[in-house]
Amino acid sequence: EMQLVESGGGLVQPGGSLRLSCVASGFSFSKHALGWVRQAPGKGLEYVSHINDRGDVPYYADSVKGRFTVSRDNIKNTLYLELNNVNTEDTAMYYCSKRSPDCSGRPCYTYPRALRGRGTQVTVSN
């Protein structure tokens, strides 16, 4: 069974940092691009970032570019998202996402057919 398990969320002050992790199992981790999406209260899923299978080409939404860093460890089957200089608009549930094989492009990570974990909550507040 394919599975994604996120961790690392929590309460952080504006301007602070946090690192999220996502451990994958049940599929060949190193053969798939993986991404992060988030959902703020009362809003839909928003694409955040993704990275190619080798881990050398990252992509970011404009809203997080320059502040967030995506990376992966293909030995540990783990995807990471480092959040820096966070603000209140970054408050959301963050999900690791594996897009459906027949879908290409950033929006695919938010589609219902994408595999996602249960998420990890990030709250930015004083």
Task: Leu4 side chain near Tyr95 side chain, heavy-atom distance below 4.5 Å - done: no
Task: Straight-line distance of Ser49 OG to Arg106 CZ, nearest 0.5 Å - done: 8.5 Å
TODO: Could you tell me which non-hydrogen atom of Leu34 sits nearest to which non-hydrogen atom of Tyr109, and how far apart they are?
DONE: C-CE2, 3.8 Å
Open item on the list: When you group the ILVMFWY residues by side-chain heavy-atom contacts below 4.5 Å and let the links chain together, are Leu18 and Met93 in the same group?
Closed with: no
Open item on the list: Salt bridge check, Arg38 against Glu46: does any charged N sit closer than 4.0 Å to a carboxylate O?
Closed with: yes
Open item on the list: Ignoring hydrogens, what is the shortest heavy-atom contact between Ala114 and Cys108? Give both atom names and the distance.
Closed with: CB-O, 3.6 Å
- [ ] Grab the two heavy atoms, one from Leu45 and one from Thr110, that are nearest each other, plus how far apart they are.
- [x] CD1-O, 3.5 Å
Open item on the list: Looking at every non-hydrogen atom in both residues, tell me the closest pair between Pro58 and Val70 and how far apart they are.
Closed with: CB-CG1, 3.6 Å
Task: Ser17 side, atom OG; Asn85 side, atom CG - distance, nearest 0.5 Å - done: 8.0 Å
- [ ] Fit a plane to each ring of His50 and Tyr59, take the angle between them on a 0 to 90° scale, and name the class: parallel (under 30°), tilted (30 to 60°) or perpendicular (over 60°).
- [x] parallel
Open item on the list: Can you tell me how far apart CD1 (Ile75) and OG (Ser30) are? Round to the nearest 0.5 Å.
Closed with: 8.0 Å
Task: Contact check, side chains of Thr91 and Gln121, non-hydrogen atoms, under 4.5 Å - done: yes
- [ ] Rounded to the nearest 0.5 Å, what's the gap from OH on Tyr47 to OH on Tyr111? Could you check?
- [x] 13.0 Å
Open item on the list: According to a hydrophobic-cluster definition based on side-chain heavy atoms being under 4.5 Å apart (Ile, Leu, Val, Met, Phe, Trp, Tyr only), do Phe27 and Leu79 belong together?
Closed with: yes
Task: pair Ser25-Asn77: side-chain heavy atoms closer than 4.5 Å - done: no
